[in-house]
Amino acid sequence: MQVFLVLLFLCLLSPPLPAQARDLKLATWNLGWLTLRPAGDPALPDDIPRRSAVDLAHLRAYVTHLNADVIGFQEVDGEAAAARLFPSSTYRLLLTNDPVVQRVGIAIKSGLIITRHDDVTALNVYPPGAPHPLRSGLDVTISDGTASLRLLVVHLKTGCWDNPPTEHAHACPTLVSQFAALEDWILERQDEGEAFAIMGDFNRRLTPTDPFFLTLLHDGPLLLTTAGYASPCWDGEYFIDHILLGGPARSWLKNNSLRVMTYTGANDTPQTMSDHCPVSIHLDLP
C-alpha cells in the first residue's frame with residue numbers, strides 16, 4: 001500500500017506528457033482530363049487522353065501508393081470518374097458544382113471531420129454565358145477534432161506561366177483577376193485567424209519574388225512550399241502545382257517533407273497516367 005501511495009505521489013508530481021501532433025499528408029494532383037465519357041462526346045476535345053480500364057486501375061494503385069490523407073484534384077469529370085481512383089472505403093469525395101468537364105475536387109480520408117463551404121465561384125471571372133467558363137474553387141474545412149485547417153483547391157487559367165502581369169494577352173489579365181479573387185479569400189481567412197492552405201494547379205511558375213505571388217502577401221505572410229525547388233515530373237520542369245500555407249498552418253509544415261510522386265511503370269506516359277505528378281507535403285497538426 002505504501003509503495004502504491006509513493007507511486008501515485010510521484011505521478012502527481014510528474015509533468016503531463018506533451019500531446020502528440022497528428023501527421024497530415026496533403027497532396028495536389030491534376031489528373032489530366034479524367035473522364036468516363038466515350039470518344040466523340042461533344043463535350044470533349046478530340047485530342048484528350050484516352051485511358052483504358054488497365055490505365056484506371058494503374059492510377060488507382062498510384063493513389064494507394066501516394067497514401068495521402070487529403071488529395072485536392074483537378075480535371076475530373078464528376079464523382080463517378082473520381083470513384084474509379086479513390087476507393088469509398090478509404091476516401092470521401094467532394095467536387096465543385098461547376099457545369100464543366102474539368103472539375104475541381106477533393107478526396108479526404110475517413111476519420112477527418114469535414115465542413116463544406118460554398119464554392120468560390122469568384123474564380124470564374126468570365127462573364128455569364130461565356131462559352132468556356134472557368135473553374136470554381138472547392139472550399140472545405142477539415143478537422144481531427146482538435147485542430148482545423150481551411151482548404152481551398154483551385155485550377156487557374158492556363159497560359160500566363162511566367163509572363164508579367166501587365167501583359168495584355170488574354171491569359172494574363174484573366175489570371176490577374178483570379179489572383180484578386182484569391183486575395184479576397186485570403187483576407188477573410190486572415191481576418192478570422194484561420195489556419196489555411198491553398199493548393200492546386202495555379203498554371204503559374206510561382207516563386208517568392210513572382211509579382212503574382214506578391215499580390216497575395218498584401219494581407220499577411222504565406223508559405224510557398226515549392227519555393228526553391230524544381231519538379232522531377234516527366235524528366236523535370238518548374239512547378240505549376242503548388243501548396244500555399246497561411247495563418248498558423250505556416251508553422252505546421254514538416255521540414256523537408258515536400259515530395260513529388262513520379263510514374264515508374266514501363267508503359268506509363270502522360271496520356272495513360274497524367275501530364276502532372278502529385279505534389280505532397282506533411283503537416284504536424286497541433
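In what follows, every heavy atom counts, from backbone to side chain, and hydrogens, waters and symmetry copies are set aside.
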Could you check whether Phe239 and Tyr229 have their ring centres less than 6.0 Å apart?
no
Would Glu183 and His218 count as a side-chain hydrogen bond (donor to acceptor under 3.5 Å, both in side chains) if you check the C-alpha gap in whole Å, the side-chain angles of each, and the deciding distance to 0.1 Å?
CA-CA 8 Å; Glu183 188 180 353; His218 291 162; 3.0 Å; yes
For the residue pair Asp241 and Thr28, what are the closest heavy atoms and their distance?
CB-CG2, 4.3 Å
Here the pair of heavy atoms bringing Trp29 nearest to Cys277 is CD1-C, 4.1 Å
Between the main-chain N or O of Leu123 and the side-chain N or O of Gln178, is there a donor-acceptor pair closer than 3.5 Å?
yes
To the nearest 0.5 angstrom, please state how far the CG atom of Asp77 sits from the CZ atom of Arg103.
7.5 Å
Between Met199 and Ile281, is there a shared hydrophobic cluster once you connect ILVMFWY residues whose side-chain heavy atoms come closer than 4.5 Å?
yes
For Asp118, I'd like to know if atom CG has over 12 heavy atoms of other residues, nucleotides or ligands within 6.0 Å.
no
Look at Arg205 together with Asp162 and state whether they make a salt bridge at an N to O cut-off of under 4.0 Å.
yes
Heavy-atom closest pair, residues Ala249 and Leu149:
CB-CD1, 3.9 Å
Trace of the side-chain hydrogen bond (donor to acceptor under 3.5 Å, both in side chains) decision for Thr272 with Asp55:
CA-CA 6 Å; Thr272 59; Asp55 295 334; 4.6 Å; no
According to side-chain hydrogen bond (donor to acceptor under 3.5 Å, both in side chains), who are the partners of Asp139, at least two apart in sequence or on a separate chain?
Arg150, Trp185
Residues which pass side-chain contact (heavy atoms from CB on, under 4.5 Å) with Val176, listed by chain and number, not counting sequence neighbours:
Pro165, Phe212
Okay, side chain of His242, backbone of Arg204: is any donor-acceptor separation there less than 3.5 Å?
yes
Please go through Val100's hydrophobic cluster and name the other residues, only I, L, V, M, F, W, Y counting, with side-chain heavy atoms under 4.5 Å joining them.
none
Ignoring hydrogens and angles, tell me if any N or O in the side chain of Lys25 forms a donor-acceptor pair with the backbone of Leu66 under 3.5 Å.
yes
Find out if a path of hydrophobic residues (ILVMFWY) with successive side-chain heavy-atom gaps under 4.5 Å connects Leu138 to Phe196.
no
Thr158 side chain to Asn203 main-chain N or O, any donor-acceptor pair under 3.5 Å?
no
Measure from the side-chain N and O atoms of Ser257 to the backbone N and O of Leu253, and report whether any donor-acceptor pair falls under 3.5 Å.
no
Under a single-linkage definition using a 4.5 Å side-chain heavy-atom cutoff for Ile, Leu, Val, Met, Phe, Trp and Tyr, are Leu56 and Leu93 assigned to the same hydrophobic cluster?
yes
Provide the closest heavy-atom pair for Arg51 versus Trp33 in the form atom of the first, atom of the second, distance.
NH1-O, 3.2 Å
Selection residues 81-94 - residue pairs positive for side chain to side chain donor-acceptor pair (under 3.5 Å), sequence neighbours left out:
none
At what distance, to the nearest 0.5 angstrom, does CZ of Phe179 lie from CG of Asp210?
7.0 Å
Checking one residue: Val125. Which other hydrophobic residues are in its cluster under the side-chain 4.5 Å linking rule?
Tyr126, Leu134
Just verifying a value: how many Å separate Ser274 OG and Leu34 CG, rounded to the nearest 0.5 Å?
9.0 Å
Tightest non-hydrogen contact, residues Leu244 and Phe202, listed as CD1-CZ, 3.8 Å
Under 3.5 Å, is there a donor-acceptor pair between the side chain of Asp119 and the main chain of Thr121?
no
Listed by chain and number, what are the ring pair (Phe, Tyr, Trp, His ring centres under 6.0 Å) partners of Trp161, not counting sequence neighbours?
none
Looking at NE2 of His58 and CG of Asn267, how far apart are the two atoms once the value is rounded to the nearest 0.5 Å?
9.0 Å
Rounded to the nearest 0.5 Å, how far does CG of Asp201 lie from CG of Leu156?
7.5 Å
Just checking, any donor-acceptor pair under 3.5 angstrom between side chains of Ser136 and Asp98?
yes
If you take all heavy atoms of Cys233 and Asp275, which pair is closest and at what distance?
SG-O, 4.3 Å
So, does Arg259 use its side chain to make a donor-acceptor pair with the main chain of Ser280 at under 3.5 Å?
no
For the pair Lys254 and Asp284, find out whether any cationic side-chain nitrogen is under 4.0 Å from an anionic carboxylate oxygen.
yes
Identify whether Leu26 and Val153 are in the same connected component of the hydrophobic contact network (ILVMFWY, side-chain heavy atoms under 4.5 Å).
yes
Out of curiosity, Ser231 OG to His276 NE2, how far, rounded to the nearest 0.5 Å?
10.0 Å
